[in-house]
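Here the structure is laid out as structure tokens; the discussion comes afterwards.
Letters A, B, ... are given to chains in the order of the sequence lines, protein chains preceding strands, and every chain is numbered from 1. Predicted, not measured: the structure shown is a model, and the values here were computed from it.
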2 protein chains.
Amino acid sequence: MTTRTRRTERRQEPLSRERIVGAAVDLLDTVGESGLTFRALAERLETGPGAIYWHVTGKAELLAAATEAVVVPAVAADDTDRTPQEAIRTLALGVFDAFDAHPWVGAQFSRATWRPTLLRVFERIGRQVQALGVPEPAQFTAASALMNYIVGVAGQNAATTRAVAPGTNRADFLDATAHAWSALDPGEFAFARGVAGRLREHDDRTEFAAGVDLIVAGITGGT
Amino acid sequence: MTTRTRRTERRQEPLSRERIVGAAVDLLDTVGESGLTFRALAERLETGPGAIYWHVTGKAELLAAATEAVVVPAVAADDTDRTPQEAIRTLALGVFDAFDAHPWVGAQFSRATWRPTLLRVFERIGRQVQALGVPEPAQFTAASALMNYIVGVAGQNAATTRAVAPGTNRADFLDATAHAWSALDPGEFAFARGVAGRLREHDDRTEFAAGVDLIVAGITGGT
DNA sequence: AGGACGCTGGAACGGCGTTCCAGCCGGAGG
DNA sequence: CCTCCGGCTGGAACGCCGTTCCAGCGTCCT
């Protein structure tokens, strides 16, 4: 039976930038940042490393494309029938959840190749700032502050929770951390020791959202 | 003249963890993150790569030690004779300036090896939060919010300004960015186009400090 | 039918982090 | 004084990485 009856699947579906970026996101999600390798990517796509370079220029562009593929949908929520405050909150939580689900994304925003993606986030935030009625001269500063807070704090949070070994649940991790803090030097780390117990009951996501609301309140005049 | 008259300089001052970390910081500052190589480090220390491993366990520990060497002095300012608000502001600007002077530090805080350093920052912030008179149940949340803002936003700012090619000055860079934004698609990037001109006159450091003040005001009750 | 070309994928290169180990060198013990 | 020993050194080597190169496949145009 050497004859192939099914001619339509020639060898496989052809390579494409989309398929490559998709496989890269998968690899980053499952094996982590160090697991994204041109060789591993080639194996998953059943090809050689060289073929990938026909579609992307190198690893930097690949990481940028993977970042964009994750972040852009997360900030593309529908705005209609929402107050600007609600829209900003939704957008912020979209970024937060995307960073949380794909811990490698936060690190990308500390590197140099993120610019187009960040500009998209800035644009969406800026439009809501306009809708808030912020006067034109203050719009740039207001949008910058919000964007820096959202991307910066969400990234910082993702870096913190990434320390959790995969498989352990959040409660166990917080328990272990609280225990470690309680054992710190009482002189040097008095404050951390004292608040160690609060670790168990706090909720990063809620506190992140509260921070967004606080900045929005500050922007709109605080009156 | 094959005889060595100077016997005192045997070969060099001996290797030590301190000297290695110092050279690593130098290398990171001058050549950037990709310039920190065990081979380059060995050459600068006039030794071989193997010798370095007697003093540090690997590159991860080396990066963590370099980060600590830069950040800890930056947050160790003298607190006496300051209001808590002033102390927090000074601390925040210390982190901001350290991240700005050593752009590779911000990226470290998105990775997994920063924990001891971050805890030191948290401790210092927490003590000032206590001094502000924040009630005990809210201290943890308040200190977390401040720390996340300070580290997150300072890191984000450092990543943005790092895009500047070394040698170009800030005004030229802002000019070029403003020009690029003005050329964006009017439909997709209406807001960014509109505020492009504001880029030239804004000051990241001042706006960062204003954000810190805003959060402090929110923490202390906002009355 | 034949040529051209987009696309493939395996081989190869230089450089990386890391490991290994032969040997140096200063001080403790005879 | 010599000898031995162990902390410390530094160069060689290993495996893996990103990237480049190129012979050849398949498809479409002429």
Nearest-Å distance, [atom1] ([X]) to [atom2] ([N])?
{"X": "A:Ile52", "N": "C:dG10", "atom1": "CD1", "atom2": "C1'", "answer": "13 Å"}
{"X": "A:Leu27", "N": "D:dC17", "atom1": "CG", "atom2": "P", "answer": "11 Å"}
{"X": "B:Leu41", "N": "D:dT9", "atom1": "CG", "atom2": "P", "answer": "13 Å"}
{"X": "B:His55", "N": "D:dC8", "atom1": "NE2", "atom2": "P", "answer": "7 Å"}

### Query
With sequence neighbours excluded, what pairs up with B:Ala190 under the side chain to side chain contact (heavy atoms under 4.5 Å, CB included) test?
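Counting only residues at least two positions away or on another chain, B:Ala190 forms a side chain to side chain contact (heavy atoms under 4.5 Å, CB included) with A:Glu123, A:Arg127.
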
#### Entry: Polar contact flag, side-chain donor to acceptor under 3.5 angstrom, A:Ser110-B:Ser110
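Looking only at side-chain atoms, B:Ser110 and A:Ser110 do form a donor-acceptor pair, the distance falling under 3.5 Å.
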
### Message
Could you work out, with ring-ring contact (aromatic ring centres under 6.0 Å, His included) as the rule, every residue matching B:Phe189, not counting sequence neighbours?
### Response
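B:Phe189 satisfies ring-ring contact (aromatic ring centres under 6.0 Å, His included) with no residue once adjacent residues are dropped.
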
### Task
Using ring-ring contact (aromatic ring centres under 6.0 Å, His included) as the criterion, list what pairs up with B:His55, not counting sequence neighbours.
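Checked B:His55 against ring-ring contact (aromatic ring centres under 6.0 Å, His included); zero matches.
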
### Message
Please enumerate all residues that pass salt bridge (Lys or Arg N to Asp or Glu O under 4.0 Å) together with A:Asp79, with sequence neighbours excluded.
### Response
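For A:Asp79 the salt bridge (Lys or Arg N to Asp or Glu O under 4.0 Å) partners, ignoring immediate neighbours, are A:Arg124.
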
### Message
Going by the rule salt bridge (Lys or Arg N to Asp or Glu O under 4.0 Å), which residues pair with B:Asp204 if we only count those two or more places apart in sequence or in a different chain?
### Response
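Testing B:Asp204 for salt bridge (Lys or Arg N to Asp or Glu O under 4.0 Å), a comparison that skips the adjacent residues, returns B:Arg170.
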
Report all interatomic pairs (protein N or O, nucleotide N or O of nucleotides 15-18 of chain C) with separations under 3.5 Å.
| from | atom 1 | to | atom 2 | distance (Å) |
| --- | --- | --- | --- | --- |
| C:dC16 | N4 | B:Arg39 | NH2 | 3.4 |
| C:dG17 | OP1 | B:Leu36 | O | 3.3 |
| C:dG17 | OP1 | B:Lys59 | NZ | 2.5 |
| C:dG17 | OP2 | B:Phe38 | N | 3.0 |
| C:dG17 | N7 | B:Arg39 | NH1 | 2.7 |
| C:dG17 | O6 | B:Arg39 | NH2 | 2.7 |
| C:dT18 | OP2 | B:Tyr53 | OH | 3.0 |
| C:dT18 | OP2 | B:Lys59 | N | 2.8 |
| C:dT18 | O5' | B:Tyr53 | OH | 3.2 |

### Query
Is any side-chain nitrogen or oxygen of B:Trp54 closer than 4.0 Å to OP1 or OP2 of D:dT9?
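No.
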
### Message
Under 4.0 Å from OP1 or OP2 of C:dG9: is there any side-chain N or O of A:Thr47 that close?
### Response
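For C:dG9, OP1/OP2 do have a side-chain N/O of A:Thr47 under 4.0 Å.
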
